[in-house]
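Just below is one structure, and these are the notes that go with it.
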Amino acid sequence: QHLPALTALSPFTRFIHIHAMKVKVLSRNPDDYVRETKLDIQRVPRNYDPSLHPFEVPREYTRALNATKLERVFAKPFLASLDGHRDGVNCMAKHPKSLSTMLSGSCDGEVVWNLTKRECVRTLQAHEGFVRGMVVRFCGTSFFTVGDDKTIKQWKMETPGYGEEEEPLNTILGKSVFTCIDHHQKEGVFVTCGQQVDIWDEQRSSPIRSFSWGVDSFSCVRFNPVETELLASCASDRSIVLYDMREATPLKKVIMNMRSNTLCWNPMEAYNFTCSNEDYNLYTYDMRYLDKPFTVHMDHVSAVLDVDYSPTGKEFVSASFDKTIRIFPKDSGHSREVYHTKRMQHVISIKWSSDNKYILSASDEMNIRLWKANAAEKLGLLAPREKSAVNYSQKLKEKFQHHPQIRRISRHRHLPKSIYSQSKELRVMKEARRRKERNVRKHSKPGSMPVVTEKEKHVVTVVK
């Protein structure tokens, strides 16, 4: 539109006007879009201005839905079965230094496993009768076992050389049957329980300290992995007792409605521990406030026999008499995952591997099973693009996790018919009790029937 006006001017004035105009040129750097080789991925420039992407959220929702469906398709948690025992497996122990080494004990003695090759590397006859408990020393050079023959034995971790006999490094004869053993995280001190809780020095044949609090027997004792001087034990009188190694007497105990079988400390939070109970639930306590558990974990339909935390402290895994394994987030009342197989019987012992990737379960049909901690996780090395795609899918699932369809698909789990019908029955019974309480309260004098929360129902008293 300026050209007719420019032609009327003198050549010199016209030259000045042309130079004063702004000329915009498209410039592209070939490095931004040209491939170096034929095998390279095509580079596509992207403009992240949200006004240019009007359907971004619906597209992301579809991707999240597809990612959730694919996660359920690829959820194949079972990896391997280690069958070398000739009797039900009673206990297991992790190696503190080696991820591939694991120990297991049953009625027929002891086995050391190599998990990478999935084979037994060593078998030894440790005790006459059941091996009740075992633990590896913090340095990983030896391990301790206790059994029904009232002995504590220390064994070398290395396999004996050719012609050498399988002899224990040390044997201590006790006065009663030991039911559990655990080792201190930093010192040469270990603790056993049976009729009482005994603390032993590795160099001495008699306990350096014994604790009892009017109890017949103890089923489990554990050192705190953070505050290493603290211990906790489960007793037969339905109580959980806390101790300090530096004190002469136990600290305090909480008595529950039913007996706790085992407990496990949170490896990241010094004050928290979770116990597995006979009333089908697990309870997470803060040891400073034992009046009530701060989370009740429900989902099992039979007694919970063992529990173990992940090394991150964010989740734990439980083993139950109902032939299933469940993974719970530490602050959630319901499990995020349930594992089962047709052949697996009552699961007696459970361990979470130190690299946070695997779970080991021991059941009384003589098998140890290896599971993935994340059922749909791909094992092995991931290419950078694969890794970024997995992270992107994970973020999408977290973003849309509360949408009804995505929530329904991600929560769905197939259960054996017996467990499905039992859980349905328990749900009906619980609802009936709740309804009855509500009706009684409605027709009673105001304030005569206080509301008792689920957390308060299961604790009888706290003794100090």
Side-chain angles (χ1 to χ4, degrees), residues 1-3 6 15-80 98-100 114-118 310-312 314-315 327 329 336-337 339 352-359 370-413:
Q1 66 189 20
H2 299 293
L3 285 177
L6 284 172
F15 173 78
I16 291 170
H17 267 267
I18 289 168
H19 273 265
M21 282 170 63
K22 209 181 249 185
V23 178
K24 289 185 179 178
V25 180
L26 285 174
S27 71
R28 286 202 180 105
N29 183 359
D31 291 345
D32 293 337
Y33 60 92
V34 175
R35 294 186 295 174
E36 289 181 12
T37 69
K38 283 195 298 181
L39 303 174
D40 268 1
I41 304 158
Q42 288 280 9
R43 294 184 188 179
V44 181
R46 279 199 65 188
N47 189 334
Y48 289 98
D49 181 8
S51 62
L52 299 175
H53 298 280
F55 298 113
E56 186 180 19
V57 174
R59 245 198 329 265
E60 279 190 344
Y61 174 77
T62 307
R63 284 176 189 164
L65 187 63
N66 290 341
T68 309
K69 287 176 181 174
L70 285 173
E71 183 187 44
R72 297 316 313 144
V73 168
F74 293 123
K76 305 237 178 335
F78 180 71
L79 290 175
S98 164
L99 283 172
S100 61
N114 183 325
L115 296 178
T116 316
K117 296 178 182 173
R118 297 175 187 174
S310 70
T312 59
K314 291 181 178 177
E315 294 181 317
I327 301 172
R336 72 158 174 87
E337 200 64 76
Y339 295 161
W352 198 308
S353 70
S354 302
D355 62 348
N356 199 31
K357 279 187 176 292
Y358 305 103
I359 288 166
L370 186 64
W371 310 82
K372 285 193 276 189
N374 186 358
E377 185 182 19
K378 186 183 175 186
L379 297 179
L381 289 171
L382 294 178
R385 284 182 73 204
E386 254 182 319
K387 207 174 280 182
S388 62
V390 167
N391 292 340
Y392 177 56
S393 300
Q394 192 61 38
K395 284 291 173 196
L396 284 178
K397 282 184 282 191
E398 283 174 23
K399 183 177 177 180
F400 294 97
Q401 63 184 334
H402 299 298
H403 283 240
Q405 199 171 358
I406 289 178
R407 189 159 173 260
R408 183 183 64 80
I409 294 167
S410 65
R411 283 181 60 193
H412 177 75
R413 296 290 180 277

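Residue numbers start at 1 and run along the sequence shown. Every heavy atom of this structure was used, including side-chain atoms; hydrogens, water molecules and symmetry mates were not. Here the structure is a predicted model, which is why all the values come from computation and not from measurement.
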For this session: Determine, step by step, whether Trp352 and Ile327 satisfy the side chain to side chain contact (heavy atoms under 4.5 Å, CB included) criterion, reporting the C-alpha distance in whole Å, the side-chain angles of both residues, the deciding distance to 0.1 Å, and the verdict.
Result: CA-CA 10 Å; Trp352 198 308; Ile327 301 172; 3.9 Å; yes
Exercise. Is it the case that more than 12 heavy atoms not belonging to Arg59 sit under 6.0 Å from its CZ atom?
Worked result: yes
Exercise. Is it the case that more than 12 heavy atoms not belonging to Leu381 sit under 6.0 Å from its CG atom?
Worked result: no
Exercise. Yes or no on side chain to side chain contact (heavy atoms under 4.5 Å, CB included) for Leu379 and Tyr358, after CA distance, side-chain angles and deciding distance?
Worked result: CA-CA 11 Å; Leu379 297 179; Tyr358 305 103; 3.9 Å; yes
Problem set entry | Reported NZ-to-OG1 distance for the pair Lys397 and Thr68, which is rounded to 0.5 angstrom | 6.0 Å
Problem set entry | Nearest-0.5 Å distance that lies between atom CD in Glu71 and atom CG in Asn374 | 7.0 Å
Exercise. What's the shortest heavy-atom distance between Lys399 and Glu60, and which atoms?
Worked result: NZ-OE1, 2.7 Å
Problem set entry | Check: Asn114 side chain, Lys117 main-chain N or O, donor-acceptor pair, under 3.5 Å | yes
Exercise. Side chain of Arg413, backbone of Ser410: donor and acceptor closer than 3.5 Å?
Worked result: yes
Seminar exercise, completed: Taking every heavy atom of Pro311 against every heavy atom of Ser354, the minimum-distance pair comes out as CG-O, 3.5 Å
Problem set entry | Enclosure of Arg35 CZ (heavy-atom neighbours >12, cutoff 6.0 Å) | yes
For this session: Locate the shortest heavy-atom distance separating Ala373 from Tyr339; write the atom from each residue and the value.
Result: O-OH, 3.5 Å
Exercise. According to the interplanar angle, ranging from 0 to 90°, do the rings of Tyr61 and His403 count as parallel (below 30°), tilted (30 to 60°) or perpendicular (above 60°)?
Worked result: tilted
Exercise. At their closest point, which heavy atom of Asp355 faces which heavy atom of Ser353, and how far apart are they?
Worked result: OD1-OG, 2.5 Å
Exercise. Does atom CZ of Arg72 have more than 12 heavy-atom neighbours from other groups under 6.0 Å away?
Worked result: yes
For this session: Test salt bridge (charged side-chain N to carboxylate O under 4.0 Å, His left out) on Glu398 and Lys395 and set out the steps.
Result: CA-CA 5 Å; Glu398 283 174 23; Lys395 284 291 173 196; 3.8 Å; yes
For this session: Taking the side chain as every heavy atom from C-beta outward, state whether Thr62 and Leu65 have any pair of such atoms under 4.5 Å apart.
Result: no
Exercise. Would Gln405 and Phe400 satisfy side chain to side chain contact (heavy atoms under 4.5 Å, CB included), going step by step from the backbone distance to the final call?
Worked result: CA-CA 10 Å; Gln405 199 171 358; Phe400 294 97; over 6 Å; no
For this session: Over all heavy atoms of both residues, which pair between Ser310 and Asn356 is shortest? Give the atoms and the distance, please.
Result: CB-OD1, 3.4 Å
For this session: Measure the CG-CG distance between Leu396 and Asn391 for me, rounded to the nearest 0.5 Å.
Result: 11.0 Å
Exercise. What do the steps show when you test Lys357 against Leu99 for side chain to side chain contact (heavy atoms under 4.5 Å, CB included), and what is the final call?
Worked result: CA-CA 11 Å; Lys357 279 187 176 292; Leu99 283 172; over 6 Å; no
Exercise. Is there a side-chain contact between Lys372 and Glu337, using heavy atoms and a 4.5 Å cut-off?
Worked result: no
Exercise. If you take all heavy atoms of Ile41 and Arg385, which pair is closest and at what distance?
Worked result: CD1-CD, 3.5 Å
